[in-house]
Asker: 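Mind having a look at this structure? Questions to follow.
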Amino acid sequence: KHVRLPEIEQLPPACTRVAAMLPQELPGDVSDPSKHRHCRARRAVAVVVVMLVAAASAMLLASRAVLQERGAASVSASFLDRRRRLGASASSLESGAANVSRAAAASREAEELAGDIAVSNETLQQAVSLLGGRRASAAAMCSNRCFLNLGFSGSDCECSIHGGWYMWICKKYQGSPMPWQYCESGRCDGCKAPELPKAPETSEPPLASTPAPSPPPASTPAPSPPPASTP
């Protein structure tokens, strides 16, 4: 007859390998006391082994839980750190995008300003060329100083330009003010030398005729003495 240990059947699944190492059946007669002692000893050893295996399994599970908690905490910290880094990267990208947009706006403003400057320079050049042409045409028009042939001096008349034509305005004659005269540009028609007032003729008084010198008086004879009285 055989005696089966009931503890072996009650082992947890984690201890099956240990239970497999134990004898499943104990031979012997039940009526033999030595066999009963041997059975009890083997039963005690099996119980101790089962308790040790259960304690090891509990420690293993506890260690696994601690490791899982630590891993979860590490993963959470890593996740939070990555999230913080991603937030910083997103803010940096937003700041960079804002800087790029400001730079693009500044570039557009610079291009517009450069265009305005180019237009202003072109307008200025046109104005300078037009002014130079007008000055050249004015110099060419006012080069005919025909009033000099009428006796005027160079500073007596002024050139007055009116678009495509001009005329001379003479305000003085030989430096002396006079009524204004407007002269035609070609031959100075309309201008003439003014008639200067004639200086009054100073008549010299007739020379007084000087009398001819009178001849010296004739010598008068000395008076004769009175006649002697007669007695």
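Numbers here are sequence positions counted from 1. Model, not experiment: these values are computed from the prediction.
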Asker: Is any side-chain heavy atom of Glu184 closer than 4.5 Å to a side-chain heavy atom of Trp165?
Answerer: no

Asker: In terms of hydrophobic clustering (I, L, V, M, F, W, Y; side-chain heavy atoms under 4.5 Å; direct or indirect links), are Tyr182 and Leu148 co-clustered?
Answerer: no

Asker: Report the distance from atom CD of Glu112 to atom OG of Ser107, rounding to the nearest 0.5 Å.
Answerer: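 Answer for the CD-OG pair, Glu112 versus Ser107, is 10.0 Å.
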
Asker: Say you draw a straight line from CD1 of Ile117 to CG of Leu124; how long is it, rounded to the nearest 0.5 Å?
Answerer: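 So the gap between those two atoms works out to 12.5 Å.
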
Asker: Report yes if some heavy atom in the side chain of Cys146 is under 4.5 Å from a heavy atom in the side chain of Arg187; otherwise report no.
Answerer: no

Asker: Do Glu109 and Leu113 have side chains that get closer than 4.5 Å, going by heavy atoms?
Answerer: no

Asker: Inspect the surroundings of CD in Gln174 and state if more than 12 heavy atoms from other residues, nucleotides or ligands are less than 6.0 Å away.
Answerer: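 Counting other residues, nucleotides and ligands, CD of Gln174 exceeds 12 neighbours.
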
Asker: Whether the Asp81 and Ser78 side chains hold a donor-acceptor pair (N or O, under 3.5 Å, no angle test) is what I'd like checked.
Answerer: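 No - no donor-acceptor pair under 3.5 Å links their side chains.
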
Asker: To the closest 0.5 Å, what do you measure between SG (Cys188) and CE (Met167)?
Answerer: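 Reported to 0.5 Å precision, the distance equals 12.0 Å.
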
Asker: Is it true that the SG atoms of Cys183 and Cys157 are less than 2.5 Å apart?
Answerer: no

Asker: Within this structure, what is the CZ-OG distance for the pair Arg145 and Ser143, rounded to the nearest 0.5 Å?
Answerer: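 Going from CZ on Arg145 over to OG on Ser143, the span is 10.0 Å.
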
Asker: Main chain of Arg70, side chain of Ser74: is a donor-acceptor contact present, judged purely on distance under 3.5 Å?
Answerer: no

Asker: Using side-chain heavy atoms (C-beta onward) and a distance below 4.5 Å, is Val47 in contact with Met51?
Answerer: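 Heavy-atom side-chain distance check passes, below 4.5 Å.
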
Asker: Determine whether Leu150 and Ile169 fall in the same hydrophobic cluster, where Ile, Leu, Val, Met, Phe, Trp and Tyr are linked whenever their side-chain heavy atoms lie under 4.5 Å apart.
Answerer: no

Asker: Say you draw a straight line from CH2 of Trp180 to NZ of Lys171; how long is it, rounded to the nearest 0.5 Å?
Answerer: 3.5 Å

Asker: Output the distance between atom CG (Asn99) and atom OG (Ser95), rounded to the nearest 0.5 Å.
Answerer: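 Here the interatomic distance stands at 4.5 Å.
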
Asker: Between Tyr166 and Trp168, how do the two ring planes meet: parallel, tilted or perpendicular, split at 30° and 60°?
Answerer: perpendicular

Asker: When you look at Cys191 and Phe147, which way does the side chain to side chain contact (heavy atoms under 4.5 Å, CB included) test go after all the steps?
Answerer: CA-CA 8 Å; Cys191 292; Phe147 58 89; 6.0 Å; no

Asker: Does Ser63 reach the main-chain N or O of Met59 with its side chain, forming a donor-acceptor pair under 3.5 Å?
Answerer: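 At least one qualifying donor-acceptor pair exists.
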
Asker: Evaluate the side-chain proximity of Phe152 to Gln181: yes if any heavy-atom separation is below 4.5 Å, no if none is.
Answerer: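 Yes, close enough: below the 4.5 Å cut-off.
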
